[in-house]
Amino acid sequence: YMALSHCWGNGQSITTTTGNLSNHQTSIQKKLLSKTFREAIDITLQLGIRYLWIDSLCIIQDSLEDWTSESARMSEVYSNAFATVFAVKASDGSQGCFANRNAMMNPGASGPLYGRAWVYQEELLSRRSIAFAANGVYWAYKQQLLHDPWYHVVSYYSQRALTVPTDRLPALSALASILHSHAREDRYLAGIWQHDLPRGLLWTCSSGSIDHGLQAGPYVAPSWSW
């Protein structure tokens with residue numbers, strides 16, 4: 001199977017909910033899907049693959065129980081996929097994957113998708129990546145997963161945007177799960193590792209990133225975690 005990484009934005013056309021789950025388990029009309037989803041399906045079929053995993057369709061969006069269960073399995077979803085399609089240029093589902101290449105644009109895959117925090121672990125977890133940017137298509141293959149030290153990953157990840165603040169740790173949980181599978185004797189403590197606890201507690205915010213006027217919001221993590 002393939003997997004899709006995309007920005008939801010304001011153009012999300014359809015999701016799976018408890019109300020339409022039984023219908024979606026039977027069929028979903030292609031005309032109801034966003035342009036990004038339809039083009040991702042075409043890419044999948046062109047590669048000779050039958051199945052495509054899309055978060056908004058494969059996770060029941062109004063079920064906290066299903067979301068909690070499935071978000072914990074992200075490491076399996078992306079690391080076991082044949083390849084992940086990254087709709088890099090699209091800020092929402094209406095913009096699709098494909099673009100007319102502009103030869104005047106700088107080379108390299110960049111776009112709205114790479115500003116999203118959830119996407120960082122999807123990039124690292126995917127064995128093969130096909131990134132559809134405004135100036136071309138980029139292919140990458142990873143032979144070794146999680147080659148960056150944990151705190152380098154956290155530093156880079158924390159610069160990305162989250163629509164829901166409480167997603168801060170869940171959006172990185174799949175990477176933590178894989179790292180833990182290689183270090184069973186260690187414990188993952190809300191973004192910090194027990195074996196490296198003293199150094200982990202020395203995290204700091206970058207200059208200018210703190211707004212002392214903000215009011216306390218919903219619970220995100222223990223006060224000692226980043």
Side-chain angles (χ1 to χ4, degrees), residues 1-8 52-56 58-59 64 66-88 109-131 138-206 209 219-226:
Y1 68 94
M2 300 276 285
L4 174 65
S5 179
H6 65 107
C7 285
W8 284 44
L52 172 64
W53 187 92
I54 302 176
D55 54 0
S56 56
C58 296
I59 300 176
L64 179 60
D66 192 62
W67 187 91
T68 301
S69 173
E70 293 302 310
S71 64
R73 297 181 58 248
M74 290 299 99
S75 61
E76 300 174 31
V77 171
Y78 287 96
S79 62
N80 290 328
F82 175 79
T84 301
V85 173
F86 289 86
V88 177
S110 62
L113 182 68
Y114 285 156
R116 306 304 302 167
W118 276 101
V119 177
Y120 186 49
Q121 72 168 1
E122 295 165 8
E123 292 177 73
L124 294 180
L125 289 169
S126 300
R127 291 184 294 171
R128 303 176 184 88
S129 302
I130 312 173
Y138 297 85
W139 166 275
Y141 172 69
K142 293 184 178 66
Q143 292 183 319
Q144 184 177 4
L145 198 61
L146 290 177
H147 51 83
D148 290 334
W150 175 254
Y151 294 116
H152 174 74
V153 169
V154 168
S155 177
Y156 188 76
Y157 161 80
S158 61
Q159 300 174 40
R160 298 199 172 193
L162 279 170
T163 302
V164 182
T166 53
D167 284 348
R168 183 188 304 169
L169 291 179
L172 203 60
S173 61
L175 287 176
S177 176
I178 285 186
L179 186 60
H180 185 251
S181 70
H182 295 287
R184 289 293 184 183
E185 72 284 355
D186 206 352
R187 287 183 63 200
Y188 180 63
L189 305 172
I192 297 174
W193 295 93
Q194 184 178 34
H195 84 284
D196 199 31
L197 191 60
R199 185 164 69 103
L201 292 173
L202 292 175
W203 64 268
T204 60
C205 292
S206 59
S209 65
Y219 178 80
V220 174
S223 60
W224 41 263
S225 179
W226 47 269

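Residue numbers run from 1 in the order of the sequence given. As the structure is a computational prediction, the values presented were derived from the model and not from experiment.
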J.: Can you spot which of W53, F86, Y120 makes a ring pair (Phe, Tyr, Trp, His ring centres under 6.0 Å) with Y78?
T.: W53

J.: Which distance, rounded to the nearest 0.5 Å, do you find between the CD1 of I54 and the CG of L52?
T.: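 Reported to 0.5 Å precision, the distance equals 4.0 Å.
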
J.: Run the ring-ring contact (aromatic ring centres under 6.0 Å, His included) check on Y151 and W203 step by step: do they pass?
T.: CA-CA 9 Å; Y151 294 116; W203 64 268; over 10 Å; no

J.: Are W8 and S56 close enough, and set up right, to give a side-chain contact (heavy atoms from CB on, under 4.5 Å), and what steps lead you there?
T.: CA-CA 9 Å; W8 284 44; S56 56; 3.2 Å; yes

J.: Are L162 and W118 side-chain neighbours, meaning at least one heavy-atom pair lies under 4.5 Å?
T.: yes

J.: Assess the residue pair R116 and T163 against the criterion (side-chain contact (heavy atoms from CB on, under 4.5 Å)); give the C-alpha distance rounded to whole Å, side-chain angles, the decisive distance to 0.1 Å, and a yes or no.
T.: CA-CA 9 Å; R116 306 304 302 167; T163 302; 2.5 Å; yes

J.: Verify side-chain contact (heavy atoms from CB on, under 4.5 Å) between Y156 and L124, making sure each step is shown before the conclusion.
T.: CA-CA 12 Å; Y156 188 76; L124 294 180; over 6 Å; no

J.: Does some side-chain heavy atom of W226 sit less than 4.5 Å from a side-chain heavy atom of L201?
T.: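 A side-chain contact under 4.5 Å is absent here.
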
J.: Can you list everything that forms a ring-ring contact (aromatic ring centres under 6.0 Å, His included) with Y188? Sequence neighbours excluded, please.
T.: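 Per chain and number, Y188 pairs via ring-ring contact (aromatic ring centres under 6.0 Å, His included) with W150, W193.
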
J.: Do you know which two heavy atoms are closest between V220 and P165, and how far apart they sit?
T.: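 What the structure gives for the nearest pair is CG1-O, 3.6 Å.
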
J.: Is S225 reaching over with its side chain to a backbone N or O of A221, donor-acceptor style, under 3.5 angstrom?
T.: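 No, the answer is negative, given that no donor and acceptor are paired below the 3.5 Å cut-off.
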
J.: May I ask you to say whether E123 pairs ionically with R160, meaning some side-chain N is under 4.0 Å from a carboxylate O?
T.: yes

J.: How long is the span from the CD1 atom in I130 to the CG atom in L4, to the nearest 0.5 Å?
T.: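 Rounded to the nearest 0.5 Å, the CD1-CG separation comes out at 11.0 Å.
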
J.: What distance do S173 atom OG and R168 atom CZ have between them, rounded to the nearest 0.5 Å?
T.: 14.5 Å

J.: Between atom OG of S79 and atom CD of E122, what is the distance when rounded to the nearest 0.5 Å?
T.: 12.0 Å

J.: Mind listing the closest non-hydrogen atom pair of N80 and R127 along with its distance?
T.: O-NH2, 3.3 Å

J.: For residues D55 and H6, determine if any side-chain heavy atom of one lies less than 4.5 Å from a side-chain heavy atom of the other.
T.: yes

J.: Would you please test I192 and W224 for side-chain contact (heavy atoms from CB on, under 4.5 Å) and show each step?
T.: CA-CA 10 Å; I192 297 174; W224 41 263; 4.1 Å; yes

J.: Could you measure the distance from the CG atom of L175 to the CD atom of Q121? Nearest 0.5 Å is fine.
T.: 4.5 Å

J.: Which pair of non-hydrogen atoms, one from A81 and one from Y1, has the smallest distance, and what is that distance?
T.: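 Where A81 meets Y1 most closely, the heavy atoms are N-OH, 3.4 Å.
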
J.: Between F82 and R128, is there a cation-pi geometry (under 6.0 Å to ring centre, at most 45° from the normal)?
T.: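 Yes, R128 sits over the ring of F82.
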
J.: I need the minimum non-hydrogen distance between S126 and S129, along with the two atoms involved.
T.: CB-OG, 3.8 Å

J.: Just to verify, what does D186 make a salt bridge (charged side-chain N to carboxylate O under 4.0 Å, His left out) with, not counting sequence neighbours?
T.: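 D186 satisfies salt bridge (charged side-chain N to carboxylate O under 4.0 Å, His left out) with no other residue.
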
J.: Hey, does P170 have a side-chain heavy atom less than 4.5 Å from the side chain of W67?
T.: yes

J.: Measure the CG-OG distance between L125 and S75 for me, rounded to the nearest 0.5 Å.
T.: 6.5 Å

